[in-house]
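Both backbone and side-chain heavy atoms feed into the values below; hydrogens, waters and symmetry mates do not. Residue numbers start from 1 in every chain, and the chains themselves are labelled A, B, ... in the order their sequence lines are given, proteins ahead of strands.
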2 protein chains.
Amino acid sequence: MSIATVSRVINGNYPVGKKTRQRVLKAMKDLGYSPNHVARSLALQSTSTIGVVCTDLKNPYFVEMIEQIQLVTAGSSLQLLLQNTSVAENERDAVQLLLDRRVDAIIFIAHHEELDDVEHITSTAKMVPVVLIGQELPGTKVMSICAEEEQGMYTLGKQLLQLGHRNVLFLGGKEGSHPTEVKLRGLRNAFALNNDVRLEVELTGYQYTAANVLEDRIAGGLLQWCTAIVAVSDYVAIGALNVLDANGIRVPTDITVTGFDNIFWATCVRPKLTTVEPNKELLAQNAVHAIMNALDGQASIGKVLVPSELILRGSHRSIISK
Amino acid sequence: MSIATVSRVINGNYPVGKKTRQRVLKAMKDLGYSPNHVARSLALQSTSTIGVVCTDLKNPYFVEMIEQIQLVTAGSSLQLLLQNTSVAENERDAVQLLLDRRVDAIIFIAHHEELDDVEHITSTAKMVPVVLIGQELPGTKVMSICAEEEQGMYTLGKQLLQLGHRNVLFLGGKEGSHPTEVKLRGLRNAFALNNDVRLEVELTGYQYTAANVLEDRIAGGLLQWCTAIVAVSDYVAIGALNVLDANGIRVPTDITVTGFDNIFWATCVRPKLTTVEPNKELLAQNAVHAIMNALDGQASIGKVLVPSELILRGSHRSIISK
DNA sequence: CTGTTAGCGCCTTCAT
DNA sequence: ATGAAGGCGCTAACAG
């Protein structure tokens, strides 16, 4: 029989006779035939794969997001092509590679905002659907799914206030970076009504080593004024726990520490980390659905916000003496 | 000019005139042309991508292995197509999907040994190079790169002996599973000369929840006899730390706990985990190189062993009274 | 050194 | 309901 018929039984999008179908199916088993997805992609001009770029596989937040995304795409025929761009300069190449491989869309779990221009992203968004998680590029075609980080941080800030904290150090993140700026805004808003609050900021990056700055801070008398460290992420917060521990400082007795992201390991460190859950599941669902809709030709949503939730565990304490 | 010429300047594998090259290069920039990797793959019968399958992205060991593999392939044009098969039944589909997408080779960071037949692996190995990390399929074409887990466990066992431990519980893993069997063998060999050793075994799987069995064990008087818990992995060991902590049992004061894999988080829990480093870097290098060689038509290595190293940290202690 | 041609394996429109 | 033919974008062998 003809090639075309085989194609039709495989895709089932055209009528095929019962008997012919059986015959084809049998032949496929016998010959151990498996459809060539590459040729299929070329013909269809669609690879059924979506590129996923993150900046650091060492940070469990990204891995957990990837897992969530996989869960959402599991039903469909979509595959993920991962790309992690530990160094900023790689980001353009990573995107280009994804484009060369003709991914149908791209999800940025994070992109390097320190890159002076984001043309590689905005121009990509003109070719395929692009969604940013936790960041945004207003005025462009790139879609955005964000957790309510500002709200989350605001709630956390209010909580600290209520526990008596007035002197806090914000740790990690980067100036001009969306996740950092948004969190700082939330925190500052929470403190806005209390003019006795002292908020210092150490924007030492998103790496685990971001907490190393505490060594100097401790030597410089951190404990003399600061009662709470608010980290930009759990990953950094756990780094902080390690540095504090190495210096004989007890958490939360001597100092309060909070994180953000609610990664799995937040419950494995001691004390267990007080943090904010950005709702990774909803983030992933929205991101994938936004892409599926765009792929279906529907109008792209600009930006969607997903609620986040404060999670109180053991790394904070009240410093109000009764 | 002709299509072929363009192809030649892109690949640089055929002579092209200086002027023509310039002209082509310029045109590529102007048109924003990017080579279609899909078409290229179809023509070359090679996708430059290698499939990577693991069983659980939640276990950082797998993620760290993926990172190491990426580091090795970074120089080349090889990309990784990830596939994680949390449930065993998915493994066959995962492999088939990889085959459909015509990956050039497959690396199993782990495969589900509970599957009664592994024909989907052995038959795959006849089509593309296949390497197993940490497991083996002797008598087949599938290659194997293993850490010296037996030796590592042996060393750990000897160390425990020397610290006075004679009553240990092996925790996690699965009966008939290579990583489990090999580790148990190493441990038993270490204890072989001491007939006063009591070794019990709880093969409750590789999940984080494998440690939950300790709840019952504790209720059943674990502390009355056992002085050391040897976990099949750091992941399970950290689960154990959490369960013990929840039950008010102190490590290592009340009981010693050891892990395996030396994952990053082993240094973030308290106490820091005593463990064995399987040398993930060498594992990855060997795996990728084995594949590259096979792709180059060289004879495939059957199995290679990579040394592992005992790492003493804080989760063990001597119970010899002076 | 460069242009022409024939596939790679599949999908799809057009006939039948 | 099925077969034939053209094309997806690229590479490789063959001519010039």
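Remark: C1' of D:dG9 and CE of B:M28 are 14 Å apart, rounded to the nearest angstrom. Atom CD in A:Q45 sits about 11 Å away from atom P in C:dT12, given to the nearest Å. Rounded to a whole Å, the CZ atom of B:R101 is 18 Å from the P atom of C:dG9. For the pair A:L31 CG and C:dG9 C1', the interatomic distance rounds to 15 Å; values are reported in whole Å. Between the CG atom of A:L44 and the P atom of C:dC10 there is a distance of 12 Å, rounded to whole Å. Rounded to whole Å, the distance from CZ on A:R8 to P on C:dC11 is 11 Å. Put simply, NZ on A:K18 is 11 Å from P on D:dA1, counting in whole angstrom units.
Ring-plane geometry between A:Y208 and B:F264 is classed as perpendicular, the angle between the planes exceeding 60 degrees on a 0 to 90 degree scale with a lower cut at 30.
Checking D:dC10, D:dG3, C:dG9 against every side-chain atom of B:I3, the shortest atom distance belongs to D:dC10. When distances are taken from the side chain of B:V16 to each of D:dT2, D:dG9, C:dT2, the shortest belongs to C:dT2.
Nucleotides of DNA chain C nearest to A:A4 and B:Y14 differ in position, and the one nearer the 5' end is that of B:Y14. Take the nearest nucleotide of DNA chain C for B:T20 and for A:S7: the residue whose nucleotide is more 5' is B:T20.
Between C:dG9 and A:R40, no contact under 4.0 Å exists linking OP1 or OP2 to a side-chain N or O. In this structure, A:S2 does not reach the D:dA4 phosphate: none of its side-chain N or O atoms is under 4.0 Å from OP1 or OP2. Within the 4.0 Å cut-off from OP1 or OP2 of C:dC11, at least one side-chain nitrogen or oxygen of A:N11 is found. Within the 4.0 Å cut-off from OP1 or OP2 of C:dT12, at least one side-chain nitrogen or oxygen of A:N13 is found.
Residue A:L42 is in base contact, counting any heavy-atom pair closer than 4.0 Å across all strands shown.
Heavy atoms of other residues, nucleotides or ligands lying less than 6.0 angstrom from CG of B:L44 number more than 12.
A donor and an acceptor atom never sit less than 3.5 Å apart when one is taken from the side chain of B:R102 and the other from the base of C:dG9.
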Q.
side chain to side chain donor-acceptor pair (under 3.5 Å) for A:T180 and A:Y206? Distances and angles first, verdict last.
A. CA-CA 10 Å; A:T180 300; A:Y206 291 105; 2.5 Å; yes
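The pair A:K174-A:E113 fails the salt-bridge criterion, with no side-chain N (NZ, NE, NH1 or NH2) lying under 4.0 Å from an Asp/Glu carboxylate O.
The backbone N or O of A:T47 lies less than 3.5 Å from a partner atom in the side chain of A:H37, making a donor-acceptor pair.
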